[in-house]
Amino acid sequence: MPIHDDEVRATVGQVRRLVAAQCPQWADLPVTALAGELEGTDHVLFRIGGDLVARMPKIATAVDQADSDARWLPVLAPHLPVRIPVPMHLGEPGAEYPWRWTVVPWIPGDTPPRLGCDDVPLAREVAAFVRALHRVEAAGGLVKPPGSRGSALRHVDAGVRRVLPRLAEHDDGFDVAEAEAAWDACLAAPDWDRDPVWIHGDLQPGNLITDAGRLVAVVDFGALGVGDPAPDVAPALWTFTGAARDAYRKAVGYDDATWRRACGWALAPSLTGVDYYRHSFPRMAEHGRRMVRAVIAELV
């Protein structure tokens with residue numbers, strides 16, 4: 001079932017033809033679609049042989065990631081303590097597929113539980129990745145535009161206010177008035193007033209690759225850019241629970257104002273996501289409900 005009404009879903013046949021035409025060195029490798037549960041919201045993924053993955057954008061808002069990954073991930077990779085999927089090929093449109101796409105290494109491993117992980121060592125390892133990323137020279141980097149993670153929270157206020165009345169029509173396991181009060185508390189936090197930093201912006205469990213429980217890679221840099229570090233503090237809420245949540249927040253650092261903005265970057269996409277994904281992607285909607293409850297518990 002498509003997640004979005006306007007999806008453009010590449011097929012195995014299209015990927016085979018694209019690889020044969022643009023990457024003849026891999027033309028003899030089998031192409032297989034990844035299982036649906038491994039698919040995210042923005043791309044359709046295909047294995048090429050045993051060691052490669054084709055990432056095919058499926059919505060127009062994701063089409064810039066191929067160029068961004070090809071430009072910036074090689075710059076960032078040497079500074080980071082774990083692997084990231086530096087593209088091995090930047091593909092062009094073709095075979096009736098309209099957008100650029102990438103081939104990246106397949107990084108074997110597992111992902112943490114999608115609805116919360118109380119693993120203190122893992123929390124500290126993810127925090128170490130974030131600290132390393134935030135130390136990379138950001139001058140000349142990809143500046144986050146208004147409304148994207150890493151910009152000021154006020155730019156997404158209208159979208160949050162718009163969805164609250166629709167959420168009030170459902171029982172999602174949280175009080176909508178309390179959610180609005182939590183959002184008001186996030187908005188009241190001072191804006192980031194120091195130099196912007198590189199942020200990943202989407203350190204969800206599905207974007208963390210582990211081996212025997214330890215972090216070995218971080219993937220999916222669709223929210224990459226230079227801005228407020230708060231979205232990379234938000235995984236304390238959307239990835240970790242219990243003692244791991246506290247350990248991550250302590251290890252990643254930053255002040256109370258940044259923590260409140262981080263709560264905002266956990267809350268805003270969760271409120272809009274519960275509404276947007278209610279029927280098309282129930283797992284994502286349930287993750288959003290848990291995030292809303294966590295932020296309410298933190299701030300209200």
Side-chain angles (χ1 to χ4, degrees), residues 10 15 18-19 21-27 29 31 34 38 40 42-58 61-94 97 99-109 111 125-145 148-150 195-204 206-211 214-229 231-232 235 252:
V15 175
L18 287 166
V19 169
Q22 300 182 28
C23 315
Q25 69 273 31
W26 301 322
L29 298 177
V31 174
L34 262 69
L38 298 178
D42 295 341
H43 289 74
V44 183
L45 307 178
F46 298 84
R47 294 287 295 272
I48 303 173
D51 299 323
L52 304 171
V53 178
R55 292 176 49 82
M56 315 298 293
K58 63 181 177 181
T61 54
V63 299
D64 292 338
Q65 185 175 346
D67 288 301
S68 172
D69 284 0
R71 169 68 180 88
W72 294 111
L73 296 195
V75 174
L76 298 174
H79 303 280
L80 302 176
V82 297
R83 292 182 67 187
I84 62 174
V86 176
M88 302 174 68
H89 174 75
L90 176 60
E92 297 294 334
Y97 178 77
W99 298 318
R100 286 189 169 184
W101 50 284
T102 55
V103 177
V104 302
W106 170 256
I107 302 176
T111 58
E125 290 166 357
V126 177
F129 168 86
V130 168
R131 290 197 308 271
L133 178 62
H134 291 189
R135 286 195 298 266
V136 178
E137 174 58 53
L142 187 66
V143 176
K144 299 297 304 222
S148 64
R149 296 177 194 175
D195 290 339
V197 300
W198 279 108
I199 62 169
H200 178 281
D202 195 23
L203 292 167
Q204 304 277 357
N207 293 334
L208 307 175
I209 308 299
T210 63
D211 181 17
R214 303 282 58 86
L215 186 70
V216 295
V218 174
V219 300
D220 197 345
F221 283 74
L224 178 70
V226 170
D228 178 1
D232 282 353
V252 80

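We count residues from 1, following the sequence as given.
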J.: Closer than 3.5 angstrom, by distance alone: can the side chain of D211 be matched with the main-chain N or O of G109 as a donor-acceptor pair?
T.: no

J.: List the atom of G141, the atom of W72, and the distance in Å for their closest heavy-atom pair.
T.: CA-CH2, 3.9 Å

J.: For K144, check side chain to side chain donor-acceptor pair (under 3.5 Å) against everything at least two apart and list the hits.
T.: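 Scan of K144 (side chain to side chain donor-acceptor pair (under 3.5 Å), adjacent residues dropped) gives none.
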
J.: Give me the atom names and distance for the closest heavy-atom approach of I48 to V31.
T.: CG1-CG2, 4.4 Å

J.: With sequence neighbours left out, write down each residue that passes side chain to side chain donor-acceptor pair (under 3.5 Å) with E125, or none if nothing qualifies.
T.: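 Side chain to side chain donor-acceptor pair (under 3.5 Å) list for E125, sorted by chain: R214.
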
J.: Got V103 and W26 here, is their nearest side-chain heavy-atom distance under 4.5 Å?
T.: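 A side-chain contact under 4.5 Å exists here.
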
J.: Go through the structure and list residues passing side chain to side chain contact (heavy atoms under 4.5 Å, CB included) with P231, not counting sequence neighbours.
T.: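 P231: side chain to side chain contact (heavy atoms under 4.5 Å, CB included) contacts with R149, I199, W265.
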
J.: What's the shortest heavy-atom distance between P196 and A138, and which atoms?
T.: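 What the structure gives for the nearest pair is O-CB, 3.6 Å.
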
J.: Identify, with sequence neighbours excluded, every residue that meets side chain to side chain contact (heavy atoms under 4.5 Å, CB included) alongside L34.
T.: L38, L45, R47, W106

J.: Heavy atoms only: give me the nearest S68-L142 pair and the separation to one decimal.
T.: OG-CD2, 3.6 Å

J.: For a 4.5 angstrom cut-off between non-hydrogen side-chain atoms, does H134 reach V130?
T.: yes

J.: Looking at every heavy atom in both D232 and G201, which two are closest together, and how far apart are they?
T.: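 For D232 and G201, the tightest heavy-atom pair comes out as OD1-N, 2.8 Å.
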
J.: Checking W99 side chain against M56 main chain: does a donor-acceptor pair fall under 3.5 Å?
T.: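 Looks like no, no N/O pair under 3.5 Å.
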
J.: What side-chain donor-acceptor pairs closer than 3.5 Å can you find for residues 73-93, not counting sequence neighbours?
T.:
residue: H89; atom: NE2; partner: Q22; partner atom: OE1; Å: 3.4
residue: E92; atom: OE1; partner: R100; partner atom: NE; Å: 3.4
residue: E92; atom: OE2; partner: R100; partner atom: NE; Å: 3.4
residue: E92; atom: OE2; partner: R100; partner atom: NH2; Å: 3.2

J.: With rounding to the nearest 0.5 Å, note down the distance linking CZ in R71 to CG in D64.
T.: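 Between R71 CZ and D64 CG, I get 14.5 Å after rounding to 0.5 Å.
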
J.: Could you check whether any side-chain N or O of Q204 sits under 3.5 Å from a backbone N or O of G206, counting only pairs where one atom can act as donor and the other as acceptor?
T.: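 The answer is no, because no donor-acceptor pair under 3.5 Å joins these two groups.
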
J.: Taking the side chain as C-beta and beyond, is there a heavy-atom pair between I209 and V219 under 4.5 Å?
T.: yes

J.: Begin from the C-alpha positions of Q65 and D220 and carry the test side chain to side chain contact (heavy atoms under 4.5 Å, CB included) through to its verdict.
T.: CA-CA 9 Å; Q65 185 175 346; D220 197 345; 3.4 Å; yes

J.: For the residue pair F129 and L203, establish whether any side-chain heavy-atom pair is separated by less than 4.5 Å.
T.: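 Yes - at least one pair of side-chain heavy atoms lies under 4.5 Å apart.
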
J.: What residues, two or more places apart in sequence or in another chain, satisfy side chain to side chain donor-acceptor pair (under 3.5 Å) together with N207?
T.: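 D202.
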
J.: On a heavy-atom basis, which atom in V197 and which in P229 lie closest, and how many Å separate them?
T.: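 For V197 and P229, the tightest heavy-atom pair comes out as CG2-CB, 3.7 Å.
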
J.: Would the number of heavy atoms belonging to other residues, nucleotides or ligands and lying under 6.0 Å from CG of D51 be above 12?
T.: no

